Structure formats: structure tokens, C-alpha cells
Amino acid sequence: MKIWKKLKFPAQEFNLENTLVNGQCFNWRKIGDHHYEGVFSKYYVQVKRDNDAYVQYSTIPPNENPEKEQLFEDQFKSYLNYDANIPELYEHWAQKDKRFSQIAEPIHGVRCLRQDPWECTVSFICSQCNNIKRITQLLETLRKTVSQIVALNQQSQFGSEICEIDQDDGTRRKIYQFPTVEQLQTATEKQLRELMFGYRAKYLVAISKQIVDKGGQNWLESLRGQPNEKIREELTSLPGIGSKVADCIALFSLDCANSIPVDTHVFQIALKLGYVKGLKKDSSLNNKLYLQIVQAFRDKFGDKAGWAHQIMFAGDLKSFQEKISNSNSANTSAQNSKKRKIDEIKDQEEEKEEEEIKVQDVDTKRETRSKRRKLN
DNA sequence: AATAGACCTGGGTCC
DNA sequence: AATGCCAGGTCTATA
């Protein structure tokens, strides 16, 4: 029987869906309405929203005494950046940007997580030319198989198994911890390719070795709190990590809230919203432009610009598009007329300030495509 | 200094 | 049913 623990966490502070499956991490799965399961640290965890004010969580294994329970709660709160006041930040950001104010309600309660830097590193190496679903699947396979490889090499029966879960179809599923740097190092490129990691396999093997040589987990954690430039410099010297992945690791695991990972989504957002002036419509994302976009986000959103960026990023994801359009159609109510007026004023101000930049409208293109898909 | 291509795999797309 | 294209990027080789 599960023991559920309560945590005070209003929905505007923490929306499970908007936070756990928005592309910043890949260790959570939806298993019901407002209900998620995941592997966190040495635990299998379920989280669900209890009511407007509380979330509940349960762990396997359970924490057998109050001290351990407290330790876990502290660890989990730290992972959730519990002390950050998200609604307050939202309000601040919504005043800075019109697009942000439009998506603030449908994508409310997004928290940037404080992830384990090693898991985060592996996750974002896997993210290149990939999608959330497949990344999640790859990492699940990695937990399971590397654990077995380690067990095999050490002639030990157990790898990093956490528990077994009963499934609806009557079978049982084993849950494993995320492999440590040293554990992943024991896997070969060939083994990882067989697990469908593709060309990312060689990066993972090489990077495990290099990070072990630098001091492993401790070295990664020593980067916490360092300036963004320093972190970028260290991480991009490793194979398979460029600017974008380095900035993801910095933002999501190394306390670098002003880090702005510029991927194709963010690039498109910056083009569409005219964040960088004087762009040609077919400009390519080179290093100089990358840094200009980073600067534009910082100028606009301030010292936690990376957190704001994650919400803008989620707003561009296909899986969140429906939420936004539903919310926009609800915006016709009289309640929102005040908000619309504010938007109009902002519109006018922005038009005065900035020249119209003509870029192919990404949304339109996407809509046409999805219509076509539905017809088929 | 800047910019194509290659790279694994899988999924939507186009006849 | 079959084919080429592209995806949440990085690395390498070149006019």
C-alpha cells in the first residue's frame, strides 16, 4: 500500500504537466489525470495533484523513519526549486513581453527543475535531432540496460534496481536508477548503438571517460553556481556538447537561471517576435546570432531569463499548442477585455519601436500541415 | 570566419 | 506502398 505525503504547492506555483513533460527533463511519464510517475534519485516516485493547494507524492522504497522522510522531502523540494515564487515572476515577465502574457495562463505553473547534472548531460546529448517521446524511451532503456551490463561485469546479481512495479496487464516492470558516470563508462559504443542511440553512442562513451578523468560527479557539481560563460567553456570542450546542450545543462542542473539554450524553436520565436533587429529572413543560426538571441532574452526578461525562456519554449511545442488555442478562444469573455486592451497598447508600442521584420509565419505553416494531416 | 554535409533512427509525407 | 525529408545538434572539412 502506498503512503502519500502532502506538499503545499498551489497550481499556479506548480503545474505538473507544464513542468514535468515540457522538454526540460525526460524521466517522468503521465499515468493519469494530474498524475505522473518517474525515477528520481534512488526512488521510484509518483506525484499527483491533490487539490488546488496541495500535491502529493509517494516513493518506493518508502522512507522508513521520519529523518529519512525529511531528507527526501528536502531533496525533492530542492529538485523542484521549491523556494522560487513562480507567480510573482510570471507577473513580472508578462509585463515585459506580449507573447509571454498570451501563454502565461495556458502554460501556468512552469518550474525550472534543478536536475542531477550527469543525468541532465546524458539527456541533452540524446536530445539532438530527436523528440521528447523517443528521448524518454532511450533514457528508460539506458537505465535498465546499463544496470544489467554493470551487473554482468561485476558478476553481481543486482545492478541499480530500485523495485518492481505491477502493471495493468498483470506483468511486472523493473525500475532502475540512472547509471552513474562510472557505470555508463563500462558500456561500449557497440552496445549503445544496439540500444538505438545511433551516432550519439560514441559521444556518450567518450564523455563518460572524460568526465571520470576530470573527477566525475563531483567535478560536474563543482560547476554549480559558476558564471554561464565559464560553464559553457568547460562543457563545450567535451565531445558532443555544443552551445545549446551546454546551456541546457547549465539552466536545468547547474543553477544558471540566466542561461538561454537557443534551439530551432527559440530561434524561430526570436525571429517571429523580432527580438534581434536587422535580421535577414533566411539568416542561419551561427555563433554570433546565437549570442545575440541570448542577450535579447536577458535584456527582456532579466536575471532569471532562462526560466522565462523555458515557458516561451513550451509555448512553441506542438503538445502545448492546443492548450493555448483553447485558452485564446476563451479570451473573448468580458473578463479578459482589460487584458486585451493592455495587449493592444503593447502592440502599438512595439510597432513604434521596431521595424516590422518579415519572416515566414511559422504558425501558419504548421496549421496548414496539421490540417492536411487531418484530411488524410 | 562562416557554412554545407554527415550522422542513427523513426515518423509524417508524397505520389 | 515506397521514397525522400526532416527533427529540440555537433563536428569536420572546406571555398
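Source: prediction; values computed, not measured.
Under 4.0 angstrom from either OP1 or OP2 of B:dT3 there lies at least one side-chain N or O belonging to A:N286. Between B:dC8 and A:R193, a contact under 4.0 Å exists linking OP1 or OP2 to a side-chain N or O.
Both the sub-6.0 Å distance and the 45° axial angle are not jointly satisfied by A:K96 relative to the ring of A:W93.
Closest to the A:F124 side chain, of the nucleotides C:dG8, B:dG10, B:dT3, is C:dG8. Listed candidates were B:dT3, B:dT9, C:dT10. Nearest to the side chain of A:M196 is B:dT9. When distances run from any side-chain atom of A:R134 to the nucleotides B:dT9, C:dT10, C:dG8, the shortest one goes to B:dT9. When each of B:dT3, C:dG8, B:dG10 is scored by its nearest atom to the side-chain atoms of A:L317, the top-ranked nucleotide is C:dG8.
Applying the Watson-Crick and G-U wobble criteria (two distances, each under 3.5 Å), B:dC8 pairs with nothing in any strand. Nucleotide C:dG8 forms a pair with no other nucleotide shown, judged by Watson-Crick or G-U wobble geometry with both contacts under 3.5 Å. Searching all strands for a Watson-Crick or G-U wobble partner of B:dC14 with both distances below 3.5 Å returns nothing. The base-pairing partner of C:dA15, taking Watson-Crick or G-U wobble contacts with both distances under 3.5 Å, does not exist among the strands shown.
One can place CG of A:D316 at 10 Å from P of C:dG8, the figure rounded to the nearest angstrom. Separating the CG atom of A:D247 from the P atom of C:dG8 is a distance of 18 Å, rounded to the nearest angstrom. Rounded to whole angstrom, the span from the CZ atom of A:R200 across to the C1' atom of C:dT10 amounts to 11 Å. What separates OH of A:Y199 from P of C:dG9 is a distance of 9 Å, to the nearest Å. Put simply, NZ on A:K202 is 12 Å from P on B:dT9, counting in whole angstrom units. Rounding to whole angstrom units, NZ of residue A:K133 and C1' of B:dG11 are separated by 9 Å. Atom CG in A:N131 sits about 10 Å away from atom C1' in B:dT9, given to the nearest Å. C:dG8 atom C1' lies 14 Å from atom CD1 of A:I293, rounded to whole Å.
Nearest-nucleotide positions on DNA chain C place A:I132 closer to the 5' end than the other of A:I241 and A:I132.
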For A:Y275 and A:D97: C-alpha separation, side-chain torsions, deciding distance, then whether side chain to side chain donor-acceptor pair (under 3.5 Å) applies. CA-CA 10 Å; A:Y275 281 13; A:D97 185 82; 2.8 Å; yes
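Taking atom C1' on both B:dG11 and C:dT10, the two are 23 Å apart, rounded to the nearest angstrom. Using atom P as the reference point in both C:dA2 and B:dC8, the two lie 26 Å apart (nearest Å). B:dA4 and C:dC6 have their P atoms separated by 14 Å, given to the nearest Å. Separating the P atom of B:dG10 from that of C:dC11 is a span of 24 Å, rounded to the nearest Å.
For the pairing with A:S160, the side-chain hydrogen bond (donor to acceptor under 3.5 Å, both in side chains) check across A:Q183, A:Q177, A:K144, A:K42 returns one residue only, A:Q183.
Among the protein residues, A:L238 comes within range of the sugar-phosphate backbone only, with heavy atoms under 4.0 Å from sugar or phosphate atoms but none that close to a base. As judged by a 4.0 angstrom heavy-atom cut-off over every strand, A:G242 is placed among residues touching the sugar-phosphate backbone only.
The aromatic rings of A:Y79 and A:W28 sit tilted, their planes meeting at an angle between 30° and 60°.
Under a hydrophobic-cluster definition in which Ile, Leu, Val, Met, Phe, Trp and Tyr are linked whenever side-chain heavy atoms come within less than 4.5 Å, directly or via other members, A:I135 and A:L20 are assigned to different clusters.
Inter-residue side-chain proximity for A:K5 and A:E69 is flagged as met; some heavy-atom pair is nearer than 4.5 Å.
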